[in-house]
Participant: 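After the structure tokens below, expect a handful of questions from me.
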Amino acid sequence: MSFKKFIEQADEVIKFALEKLNLQGESYSLTEPAKEDFGDLSCNIAFLLIKKLEKSPYEIASMLIEQYIHNFDEKKRLESTPYVKSVVAHESGYINFKANFDLIGKEILNEILQNDFSYLDIGNGRKVIIEHTSVNPNKALHVGHLRNVAIGDTLYRLLKKTNHNVTVLNYVDDSGLQVADILVGFLYLKFPLIPEDKDLKFDTYCGNAIYVKVNELYEKDPSLVEKRKTLLKKLESGDAEISSFASEITLKVLNDQLKTCWRLKAHYDLLNFESHILNSDLWKNTFQKLRDQRIIKKETEGKNIGCWIFESVDEGIKIIVRSDNTATYIAKDIPYALLKIGTIQDPFKYKVFTNQWDDSNLWITTNDHLENDTHPIFFPAENSITVIDSRQTRLQKIIKEVLNKITEKSNEYLHLAYGPVLLSSRTANMLGINAENNNKSMQMSGRKGIYVDADYVLDTLHSKAKEEIIKRNPEITGADLEGTSEEIAISAMRYSLIKNDLEKEIKFDTIDSLSLEGNSGPYLQYAYARCCRLIEKSRIKSFDCNAINLSHDIEYHLIKHLSKFSIVIEDTIKNMEPKLIAQYAYDLATIFNLFYEKLPILKEKNADISNTRICLVEAIRLMLEMNLSLIGITPLERM
RNA sequence: GGGCCCAUAGUUCAGUUUGGAUAGAAUGGCUGCCUGCGGAGCAGUUGGUCGAGGGUUCAAAUCCCUCUGGACCCGCCA
């Protein structure tokens, strides 16, 4: 927290000086300087006053500081702005501040070691819904889907930690064409219900063998396309036999998909099925509302004759209901969005679907008659976040536009977009799917079978991690070895999926992604393990950081970084940028590694200095622990 | 054709929201550092007309315009 107070007090100094000179109203900035030598905070106010005062920046900066120094003697300065150690006018024109890290250090170490994170209450119990994952239930997850899971779950962890009341939804689109494709495979191409290879996951079987094969055959055999159309109609009209078979298949796929998600330690609260939304009053009522309020209209001529359409101001005409009265993909998202923000009543009954990895219940909507219908309150929320890749931005804009016409709460509906994951040219070449053999990255495609399976990558990372552990810690064996390897694999995967800017696409390379070194999840875990060993060897049980003695630049660096955490987490939440936490954790680990390399900790002869350093290590350990858990990485004591 | 996004070191990316001091990491290449608190580490070196051109400004990777190259969206698919 302390660094924030330092900024506030530096701001007070500037404000005071401006007031004394009657120069209020300039929107200056207080930022961290490029170089440490300049101090901990810089103000650019002097540059902004050049024209007004017709003086050089340095003269102006000196003049401002003079006001402050002149009106406050040293004692008064310490009393009113204790976090500011010094202020100087630099010849460049900047006003540079130094922070009082002896004070900040004491405060921040006490705060961390006493587990005082009251500043984390940003949400004040605010209810937030996050929808993520939402993979069609006809295939196994590929690495592209994992980016969605990693972003969504990190957001969930961040919001929960900052006292938001978070509900995580996973939307299962169980009634579209892609499900009909799989049914074609089973019913007409006679794929066996149980794959011949007993070790093959059912989701992989459907996605790899059936989905790809069926889509190939459509081109050769048009009668199959007709069969799919018939199946889809039966599905949407709720034909008992077909619906029940489809439900059996999609649930089997879903179960296997969830295994992959849970492997990454993603948490969900509720599964929403598209078929349930269609078959409830949700869709019927929404359709009615859209017609009554003349938000959609029926085309009586032209190519869209017979369809109910929405005319978007920016995006043109969008079909909501087809001429055969079936709802399009976007149509089904409208009632779902209204449900999330509370414009329509929740019509569902709920039952527990299963207990998941973190021992929480995963719920599911149901039409079953229930003796006891007690369940958590899922809807509505004050904010709804939908994690979907940027290719769907246009559709999400249209949904928002429709919501705008229905309710004033539409601003509570946020599409969190992120760039898709592409295969690097090297990886595409390795998979033999880059026919041109050029240097371009490739879009993945489930339908064409161009993708890298998520479990495959995790398995490969697991084996690699295992080799590394055996090399350095042969005493780790059995379940410990497997467990630790798995945690390292997850760490590498999750970290690499959130460390980049959301809007940038990720070029996935199987070789690069296997690296457990450098700016990676395992690097963070390694720093954590080092901290653990130091604390263990110090044999200190309770930490006293009231008598700390900071004696080296690196220690000040560490204090500074630790004290900035509250600012970073605020920025992360405000801007919805998970990468900021990843970057913060990486920087912390880097400074710690430097500290560890350069300064004796346990071996330090001076007891005060040694004690201070051990306190620092413990604070770093706790802070790494918190950051890692926010990203969904398990801190490891040994690896 | 319309819309939207991107372009920074050999490669993968920070930095752009809010202009500011010598543009930073990681990785790759080369070179050092383990009888020492864990070498999944640390240090050094190599490597950049910040896509091009113009404009605004005391100051531009950052803001504006034009152009070039690339990706994505524009379906009675989801």
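Just so it is clear: chains get the letters A, B, ... in the order the sequence lines come, proteins before strands, and each one is counted from 1. What you see below is based on every heavy atom in this structure, not just the backbone, and it leaves out hydrogens, waters and symmetry mates.
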Participant: For RNA chain B, what is the dot-bracket line, given that a base pair needs Watson-Crick (N1 to N3, plus N6-O4 or O6-N4) or G-U wobble (N1-O2 and O6-N3) geometry with both distances under 3.5 Å, and | means paired with another strand?
Facilitator: (((.(((..((((......[...))))((((((.......))))))....(((((..]....)))))))).)))....
Participant: For A:E577, answer base if it contacts any base atom (sugar-phosphate contacts may also be present), sugar-phosphate if it contacts only those atoms, and nothing otherwise; contact means non-hydrogen atoms under 4.0 Å.
Facilitator: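 Since no nucleic acid heavy atom lies under 4.0 Å of A:E577, the category is nothing.
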Participant: Give every donor-acceptor pair under 3.5 Å between a side-chain atom in residues 45-57 of chain A and any protein atom, sequence neighbours left out.
Facilitator:
residue: A:S56; atom: OG; partner: A:E59; partner atom: N; Å: 3.2
residue: A:S56; atom: OG; partner: A:E59; partner atom: OE1; Å: 3.2

Participant: Which whole number of Å gives the distance between the P atom of B:U57 and that of B:G69?
Facilitator: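 32 Å, rounded to whole Å.
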Participant: Would you call A:R621-A:E618 a salt bridge at under 4.0 Å N-O?
Facilitator: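 Salt bridge between A:R621 and A:E618, a charged N being under 4.0 Å from a carboxylate O: yes.
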Participant: Determine the contact category for A:Q583: base if any of its heavy atoms lies under 4.0 Å from a base atom, sugar-phosphate if only primed atoms, P, OP1 or OP2 are that close, otherwise nothing.
Facilitator: sugar-phosphate
Participant: Applying a 4.0 Å non-hydrogen cut-off, can you work out what A:S42 is touching in the nucleic acid: base, sugar-phosphate, or nothing?
Facilitator: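 If one applies the 4.0 Å heavy-atom cut-off, A:S42 turns out to touch a base.
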Participant: So A:F592 and A:F595, would you call those rings parallel, tilted or perpendicular, with 30° and 60° as cut-offs?
Facilitator: tilted
Participant: Any base atoms under 4.0 Å from A:Y526, or only sugar-phosphate, or nothing? Heavy atoms, all strands.
Facilitator: base
Participant: With the sugar-phosphate defined as primed atoms, P, OP1 and OP2, and the base as all remaining atoms, what B/S/- string results for nucleotides 56-61 of chain B, 5' to 3', for protein heavy atoms under 4.0 Å?
Facilitator: --B---
Participant: When you compare B:G19 with B:C64, how far apart are their P atoms, in angstrom units rounded to a whole number?
Facilitator: 11 Å
Participant: Can A:K464 and A:E467 be counted as an ion pair, charged N to O under 4.0 angstrom?
Facilitator: no
Participant: Taking B:C13 as the reference, what is the distance to B:C72 when you measure between their P atoms (whole Å, please)?
Facilitator: 16 Å
Participant: Which residues in residues 305-312 of chain A have a heavy atom closer than 4.0 Å to any atom of RNA chain B?
Facilitator: A:I305, A:C307
Participant: Would you mind classifying the nucleic acid contact of A:N44 as base, sugar-phosphate or nothing, using non-hydrogen atoms under 4.0 angstrom?
Facilitator: base
Participant: Classify A:P420 by what it touches in the nucleic acid, base, sugar-phosphate, or nothing, heavy-atom distance under 4.0 Å.
Facilitator: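 The residue A:P420 makes no contact with any strand.
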Participant: What is the separation between atom CD on A:E597 and atom C1' on B:G44, rounded to the nearest whole Å?
Facilitator: 13 Å
Participant: Check the angle between the aromatic planes of A:Y586 and A:Y523 and answer parallel, tilted or perpendicular using the 30° and 60° thresholds.
Facilitator: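 Rings of A:Y586 and A:Y523: tilted, 30 to 60°.
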Participant: Does the pair A:K448/A:E216 count as a salt bridge with the N-to-O cut at 4.0 Å?
Facilitator: no
Participant: What's the gap between B:U45 and B:A9 when it is taken at their C1' atoms, as a whole Å value?
Facilitator: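 Roughly 14 Å separates the two C1' atoms.
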Participant: Using a 6.0 Å cut-off, check whether atom CD of A:E475 has over 12 heavy atoms from anything other than its own residue.
Facilitator: yes
Participant: Measure from NZ or CZ of A:R147 to the centre of the six-membered ring of A:Y418, then state whether that distance is under 6.0 Å and the direction lies within 45° of the axis.
Facilitator: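 No; the conditions do not both hold, so A:R147 does not lie above the ring face of A:Y418.
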Participant: I want to verify a distance call: between B:G36, B:U22, B:G38, whose nearest atom is closest to the A:A529 side chain?
Facilitator: B:G38
Participant: Have a look at A:N96 and say if it touches a base, only the backbone sugar-phosphate, or nothing, with a 4.0 Å heavy-atom cut-off.
Facilitator: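 Result for A:N96 = base.
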Participant: Salt bridge check: are A:K98 and A:D40 linked by an N-O gap of less than 4.0 Å?
Facilitator: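 So A:K98 does not pair with A:D40 through a salt bridge.
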Participant: Please pick, from B:A71, B:C76, B:G41, the nucleotide with the shortest atom-to-atom distance to any side-chain atom of A:Y523.
Facilitator: B:G41
Participant: Over all strands shown, is A:L594 touching base, sugar-phosphate only, or nothing at heavy-atom distances under 4.0 angstrom?
Facilitator: sugar-phosphate
Participant: Looking only at the side chain of A:R322 (C-beta and beyond, no hydrogens), which of the listed nucleotides B:C76, B:A43, B:A25 gets closest?
Facilitator: B:C76
Participant: Return the value, rounded to whole Å, for the distance between atom CE of A:M639 and atom P of B:G39.
Facilitator: 13 Å
Participant: Whole angstroms only, please: what is the NZ-C1' distance between A:K318 and B:G75?
Facilitator: 7 Å
Participant: Going by an N to O cut-off under 4.0 Å, is there a salt bridge joining A:K297 and A:E311?
Facilitator: yes
Participant: Using a 4.0 Å heavy-atom cut-off, does A:L395 contact any base of the nucleic acid, only the sugar-phosphate backbone, or nothing at all?
Facilitator: base
Participant: Once you apply a heavy-atom cut-off of 4.0 Å, does A:R533 come out as touching a base, just sugar-phosphate, or nothing?
Facilitator: base
Participant: Taking the same atom, C1', in B:G24 and in B:G47, what whole-Å distance lies between them?
Facilitator: 13 Å
Participant: Name the nucleic acid region contacted by A:L177, choosing base, sugar-phosphate or nothing; use a 4.0 angstrom heavy-atom cut-off, strictly under.
Facilitator: sugar-phosphate
Participant: How many whole angstroms separate atom CD1 of A:I330 from atom C1' of B:C76?
Facilitator: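 Whole-Å distance recorded here is 13 Å.
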Participant: Sticking with atom P, work out how far B:G15 lies from B:G3, rounded to a whole angstrom.
Facilitator: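 Between the two P atoms, the distance is 28 Å.
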Participant: Distances under 3.5 Å only, N/O to N/O: pair up the protein atoms with those of nucleotides 3-7 of chain B.
Facilitator:
residue: B:C6; atom: OP1; partner: A:E503; partner atom: OE2; Å: 2.6

Participant: Step by step, work out the salt bridge (Lys or Arg N to Asp or Glu O under 4.0 Å) result for A:E32 and A:K560.
Facilitator: CA-CA 12 Å; A:E32 283 194 62; A:K560 183 174 176 177; 3.7 Å; yes
Participant: Expressed as a whole number of Å, how far does the P atom of B:C73 sit from that of B:C65?
Facilitator: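 26 Å, rounded to whole Å.
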Participant: Once side chain to side chain contact (heavy atoms under 4.5 Å, CB included) is applied, do any residues pair with A:T477, and if so which ones, sequence neighbours excluded?
Facilitator: none
Participant: Is A:F38 stacked on the base of B:A21, meaning ring centres closer than 5.5 Å and planes within 30 degrees of each other?
Facilitator: yes
Participant: Using a heavy-atom cut-off of under 4.0 Å over every strand shown, decide if A:K303 touches base, sugar-phosphate, or nothing.
Facilitator: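 Here A:K303 touches the bases of the nucleic acid.
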Participant: Taking any heavy-atom pair under 4.0 Å as a contact, classify A:S29: base, sugar-phosphate, or nothing.
Facilitator: nothing
Participant: Between A:L514 (CG) and B:G28 (C1'), how many Å, whole number?
Facilitator: 16 Å
Participant: Whole-Å distance between B:C13 C1' and A:K507 NZ?
Facilitator: 9 Å
Participant: NA contact type, A:D501, heavy-atom cut-off 4.0 Å: base, sugar-phosphate, or nothing?
Facilitator: sugar-phosphate
Participant: B:U62 and B:U18: how far apart are their C1' atoms, nearest whole angstrom?
Facilitator: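 Result for the C1' pair: 10 Å, nearest Å.
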Participant: I want to verify a distance call: between B:A26, B:U22, B:G39, whose nearest atom is closest to the A:Y586 side chain?
Facilitator: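 Nucleotide nearest to A:Y586's side chain: B:A26.
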Participant: Measure from the side-chain heavy atoms of A:S323 and tell me the nearest of B:C72, B:U12, B:C76.
Facilitator: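 When the side chain of A:S323 is considered, B:C76 is the closest of B:C72, B:U12, B:C76.
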Participant: Figure out the CG/P separation between A:L524 and B:A26, and round it to whole Å.
Facilitator: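 Result: 13 Å.
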